[in-house]
Protein chains: 2
Amino acid sequence: MSRPHAVDPRHTLTLRDVSEACGVSEMTVSRVLRNRGDVSASTREKVLEAARTLGYVPNKIAGALASQRVNLVGVVIPSLSNMVFPEVMTGISERLEGTGLQPVVGVTNYLPDREESVIYEMLSWRPSGMIIAGLEHTAAARAMLARAGIPIVEIMDIDGDAVNHAVGISHRRAGRQMAEAIIAAGYRRIAFLGTQMPNDHRARKRLEGFEDALAKAGLALVDREYYSGGSALLKGREMTAAVLNRTPDVDFLYYSNDMIGAGGLLYCLAQGIDVPGRIGLAGFNGVDLLDGLPRKLATMDACRLEIGRRAAEIIAGTASAGEVVELFPKLQPGDTIRPAPQT
Amino acid sequence: MSRPHAVDPRHTLTLRDVSEACGVSEMTVSRVLRNRGDVSASTREKVLEAARTLGYVPNKIAGALASQRVNLVGVVIPSLSNMVFPEVMTGISERLEGTGLQPVVGVTNYLPDREESVIYEMLSWRPSGMIIAGLEHTAAARAMLARAGIPIVEIMDIDGDAVNHAVGISHRRAGRQMAEAIIAAGYRRIAFLGTQMPNDHRARKRLEGFEDALAKAGLALVDREYYSGGSALLKGREMTAAVLNRTPDVDFLYYSNDMIGAGGLLYCLAQGIDVPGRIGLAGFNGVDLLDGLPRKLATMDACRLEIGRRAAEIIAGTASAGEVVELFPKLQPGDTIRPAPQT
DNA sequence: ACGTCGGCTGTTAGCGCTAGCATTAACAGA
DNA sequence: TCTGTTAATGCTAGCGCTAACAGCCGACGT
């Protein structure tokens, strides 16, 4: 006997079990559970009651196959541990709330091959849309995305070619702006401290923009220091110590992110260095951790929440955005860049 | 004509498209793509070539329905923004790597109802296993999990009843141990500073254990302060200021997490307070941010990485663990608890 | 009385894939 | 020549659900 009639707790329930339990067709049960089509109030009640007491959980796999619709949105990001993507996720979830769409996260650890396989894996579930950090992908990944036939939104960055939609900021411009503000404030001997990661393209672009602006002012970085792994706060301290030791006459430290910047700030304060008089500091991201530091680190907001929101809106079809949505981060000078000299 | 023969870029590819493109049956294509069963080298090559040039991505929905197997593991956690769960995720991913299983994250924001719906949603995709933070769930959620017929691992906490497996630490014991260490060091006027969240059961249990141990020593908290939302580091400062202001003779501050503890530490140091002489401090979690602070905050490692690993091992069937795996966090006294007086 | 319309329910035919055989080809051994 | 064996491939029958349509029934207009 193939279908146990009795209460077999090991047997996975199907629509048929519910329909048999309350004497209607599977179709009617399906309609009730999805709130679709007309069902009389009494039938609806009967069905819900039966489903509840049996503990029926619909099988979305079968549902998705039959209806050719999947309420999932793939979100592919490089990391969860650096405070920036969780906020993007918050923006996404917020806007997806109530649309029936659900985000599914995949993490790539900044590895292009891993990104490719995460994308492949996600596409194989035929999601309704994809949100992917960055514009740089393997050729195969781009090809898959391009022919998936669903909305693709590349986020964070707009300096490059998007497969389809893009929502982000120009990191090159952000780097440039920061450099200009630093130069305007009178700093001249500027060092860069950042991550080693070859695939953090956004950090790379910021640095490129930064150096461009320096060059335009006839300047160049006087030192640079890289790290990878470990506690970013601690690394910020160590790198700062190394730079100050190697290049004692440096007068500005530009960090590729707020976390190492915060470490550097704590180090400078502990050393009794006059910030921002003797040395100025700046980071990037605008993480709210900075609010708790003894002094406010100069930074630029990366518009993380807003990026998440706008991307989700495009997927949900709420906003019929153009191809590329550029957001504009605001420079927050904080207390670690000295005021520009009056003209 | 239902099936376009020509290259229609809008048409979603199926096994049949690949099979027609290379002149074998769908079944053979399926075998090649899944590396299952015997296929001759030449056929395999032909199939892979065709799949590659067409850009075919298998439909896992159909595959899962047919094979009754889904390579997904649901992971349900309360939040991504507090540094603790990302590390758990790392442990999970690490151990799932190479098993063919893939984690899918759902976030509940510490809301029981939301947790219930996230669990429902996940179960409806018929995952191979579920990993869920905490032991407290709605009755309906517990019931669903219990009859899902898949391995369920509740993580972080072991003070309570598990649906099935549990991997975690005893937060009650952790709170007790910290209190004992504090009392042994001679502190007597102890205050608690923590989150407001009614559904952070682990923080609650730590506090209960903490107060139990205090009571056993004839002591009670002399003050308490709660917060919710905002930058934890900043909140730590503000709460610490409030407590020191209200209860000037307090001699120990016990924080429910490292982040607010770090804020408190920075505040005390900025005020020139003698730490740990005049006032001692302790947090909880062992986040690596602490390594970068001017002084090392006392804390207890929550075994996050290990919890993720062990949970994943149970799901993967690598470890045929018993029902409950208890891990034992180590107290790290750092520099913010004065050495216990010699006996 | 008849038509017909709208609300409700059931039937049929897949969705794209895979388990579990059945089939075929190729060849060795008797 | 025939059989048995093995490797390679194909066929059939679903997986559990839903789109699309087909019925059925009572109410209502004329």
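A note on names: the letters A, B, ... follow the listed sequences, proteins ahead of strands, and every chain is numbered from 1.
- Closest approach to the A:A62 side chain among D:dG16, C:dC17, C:dC15 is made by D:dG16 (side chain taken as heavy atoms from C-beta onward).
- Atom NZ in A:K60 sits about 13 Å away from atom C1' in D:dC17, given to the nearest Å.
- D:dC17 atom P lies 21 Å from atom CZ of A:R126, rounded to whole Å.
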What pairs of donor and acceptor atoms, side-chain ones from residues 148-158 of chain A against any protein atom, are under 3.5 angstrom apart with sequence neighbours left out?
{"unit_1": "A:E154", "atom_1": "OE1", "unit_2": "A:V163", "atom_2": "N", "d": "2.5"}
{"unit_1": "A:E154", "atom_1": "OE2", "unit_2": "A:H137", "atom_2": "NE2", "d": "2.8"}
{"unit_1": "A:D157", "atom_1": "OD1", "unit_2": "A:D159", "atom_2": "N", "d": "2.9"}
{"unit_1": "A:D157", "atom_1": "OD2", "unit_2": "A:K205", "atom_2": "NZ", "d": "2.5"}

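- Salt-bridge annotation for B:R309 and B:E306: present, with a side-chain N of the basic residue lying under 4.0 Å from a carboxylate O of the acidic one.
- When distances run from any side-chain atom of B:S25 to the nucleotides D:dT9, C:dG16, D:dC17, the shortest one goes to D:dT9.
- Taking only side-chain nitrogens and oxygens, A:S30 never comes nearer than 4.0 Å to OP1 or OP2 of D:dC17.
- Of the candidates D:dG16, C:dC17, C:dA19, the closest approach to any side-chain atom of B:A66 belongs to C:dC17.
- Regarding B:I61, its CD1 atom lies at a distance of 16 Å from the P atom of D:dG16, rounded to whole Å.
- Atom CG of A:L15 is separated from atom P of C:dT11 by 15 Å (rounded to the nearest Å).
- As rounded to whole Å, 13 Å separates atom P of C:dG16 from atom CD of B:E20.
- The shortest side-chain heavy-atom distance between A:V107 and B:M89 does not fall under the 4.5 Å cut-off.
- A:Y56 places none of its side-chain heavy atoms less than 4.5 Å from the side chain of A:V47.
- Look at CG on B:N71: it is 15 Å from C1' on C:dC17, rounded to the nearest Å.
- Residue B:T28 has a polar side-chain atom (N or O) positioned under 4.0 Å from OP1 or OP2 of D:dG10.
- Rounded to whole angstrom, the span from the CZ atom of B:R69 across to the P atom of C:dT18 amounts to 9 Å.
- None of A:R126, A:M130, A:Q102, A:M122 except one satisfies the side chain to side chain contact (heavy atoms under 4.5 Å, CB included) rule with A:L72; the exception is A:Q102.
- In this structure, A:R16 pairs ionically with A:E20, as a charged nitrogen and a carboxylate oxygen lie closer than 4.0 Å.
- Within the 4.5 Å cutoff, no side-chain heavy atoms of A:V88 are placed close to those of A:I77.
- A donor-acceptor contact under 3.5 Å is formed by the side chain of B:R31 with the base of D:dG10.
- Taking side-chain N and O atoms only, B:Q68 has a distance below 4.0 Å to OP1 or OP2 of D:dG16.
- With D:dC17, D:dG10, D:dT9 as the candidates, the nucleotide lying closest to the side chain of B:M27 is D:dG10.
- Rounded to a whole Å, the OH atom of B:Y56 is 7 Å from the C1' atom of C:dG16.
- Listed by residue number, A:D38, A:V39, A:S40 are the residues of residues 33-42 of chain A with a heavy-atom contact under 4.0 Å to DNA chain C.
- Of the residues near DNA chain D, B:T43 and B:S67, the one whose nearest nucleotide (by heavy atom distance) lies more toward the 5' end is B:T43.
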